[in-house]
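Take a look at the structure below.
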2 protein chains.
Amino acid sequence: MASSLSTEEKIKAAAKQVFISKGFSGCTSRELAKASGMNVALVNYYFRSKNKLFQLIFQTVMEEFFESMVSVFSSDLPLKEKLKFLIEREYAFLSKHPEIPRFIINELSRKDTDLIELTHVLPVIYNTGVIEQAIEAQKKGEMRRVDMVGITLLVISNCQYPFMAKPLIKNLHNLSDEQYQQHLELHKGMVSEMIIGYLFPPVPKQNKK
Amino acid sequence: MASSLSTEEKIKAAAKQVFISKGFSGCTSRELAKASGMNVALVNYYFRSKNKLFQLIFQTVMEEFFESMVSVFSSDLPLKEKLKFLIEREYAFLSKHPEIPRFIINELSRKDTDLIELTHVLPVIYNTGVIEQAIEAQKKGEMRRVDMVGITLLVISNCQYPFMAKPLIKNLHNLSDEQYQQHLELHKGMVSEMIIGYLFPPVPKQNKK
DNA sequence: ACTTAATTTAAACAATTGTTTAAAACAATA
DNA sequence: TATTGTTTTAAACAATTGTTTAAATTAAGT
């Protein structure tokens, strides 16, 4: 039962859910309290303010968000397999946490937010050696000359957007939840094949020196 | 000068900007009033309530959002050219209105929102004959057998996400605005080539039947 | 000029916001 | 048991919320 958790952790867990689904400005202190079965004063007793609590939770969500990405790049696989694996992992993560990309993108585009430091995550990825893998594959002419920003964008666009846009696409195409789920599963395969097919064209385009 | 507009239109124009960038729950009635140079009472005098004003604006934003998409499908072009054109148009639209996809997706995923009817836009697209074009191209084996949902998802994922995720990617890769702009331009070409290359594979996969 | 209607303003409304207070309940230790 | 310190509660705080009122101003038509 959830009551085995401490009050502090109950509030944190509930607040995470509420913040993710409604955003910082979409919920109130009392709503956060009620969602954890506590009262308003307790929220501020443990976390000082709504804003402090949010900052704390946003940080942890960001870490979860990048965790699997880093772990995949750190794995001992050829680049092409890493990318297939990454897409698979992203879809698995998003199936569990479909609201997180929207939440993060939203809160990051608030002008008035104390923006979180992400500078530490890039070096971690770079240290996995994935850059060297890409450069080598490109030298051999096996891989298209796309930089890390381009690769990142390709992968997360095609993975995250379909989850974020669920209400839009469902509404637009008149789909049930089950139908959309099927489309997502189908789409994963297409995305994987498309991206791999693009980045690693069957016939080498050119061998730049 | 903007003062040539009527009070009602000044409020509407300012509210559109504010709603799009801060969302319904991210702004106040007084903020909407101040942004148009008016006062709170005038907002409710012309639009009855904050919610009514929002509903009105959301509707018009949605229409702008689908306008170019429909117009491209209605154009007299072969399917492959339509898709190239669509991507080009999407990028042009998003360069002008980079905040709109996030705004729409956000507001559509609010549980408590009176959801807008989109059922009229799908028939419009279907009536352009694009479906028949796709089926024919697929019969000839020129095009992969991907349905309308899949095509839609591919295009708008790769177009919209890079604009939505600007703060995330900028932060992650430590890019300046100018650098990100360059990446966007570069990405457009990649996306177009990738999607076309995937949907219309150079060597016909198989001729079903 | 007079009357009527439409527009704009300042002020007020009750409800809700984030946050704090001070007392109560609890737990641990002596 | 008495005395700590910690946790929880109910109530209050001023500020802000969406909305309304009623008076003031402007515009239009006679």
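Lettering follows sequence order; numbering is per chain, from 1.
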Subject >> Test item: B:N158 side-chain N/O and B:L154 main-chain N/O as donor-acceptor pair under 3.5 Å >> reply: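 It does hold such a pair.
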
Subject >> N/O (side chain, A:T7) to phosphate O (OP1/OP2, D:dT7) under 4.0 Å >> reply: no

Nearest whole Å is fine: how far is [N] [atom2] from [X] [atom1]?
| X | N | atom1 | atom2 | result |
| --- | --- | --- | --- | --- |
| B:N44 | C:dC13 | CG | C1' | 13 Å |
| A:R48 | C:dT21 | CZ | P | 12 Å |
| A:N39 | C:dA25 | CG | P | 15 Å |
| B:K50 | D:dG18 | NZ | P | 4 Å |
| A:F54 | C:dG18 | CZ | C1' | 16 Å |
| B:E8 | C:dT7 | CD | P | 9 Å |
| A:Y45 | C:dA25 | OH | C1' | 13 Å |
| B:L32 | D:dG18 | CG | P | 8 Å |

Quick one: which of [options] gets closest to the side chain of [X]?
| X | options | result |
| --- | --- | --- |
| A:T28 | C:dT8, C:dT17, D:dT17 | C:dT17 |
| A:R30 | D:dT9, D:dT20, D:dA12 | D:dA12 |
| B:L42 | D:dT19, C:dT9, C:dG18 | C:dT9 |
| A:A41 | D:dT20, C:dT7, C:dT20 | C:dT20 |
| A:Y46 | D:dT7, C:dA12, C:dT19 | D:dT7 |

Original post:
Given B:K170 and B:Q179, is the side-chain hydrogen bond (donor to acceptor under 3.5 Å, both in side chains) satisfied, shown in steps?
Top reply: CA-CA 9 Å; B:K170 264 191 64 180; B:Q179 286 174 313; over 6 Å; no

Original post:
Quick check: are there more than 12 heavy atoms from other residues, nucleotides or ligands sitting under 6.0 Å from CD of A:E8?
Top reply: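 It does: A:E8 CD has more than 12 such atoms within range.
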
**OP:** Answer yes or no: is there an ion pair linking B:E64 with B:K96, defined by an N-O contact shorter than 4.0 Å?
**Re:**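 No, this pair does not count.
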
**OP:** Give a yes or no on whether the ring-centroid distance for B:F19 and B:F58 is below 6.0 angstrom.
**Re:** no

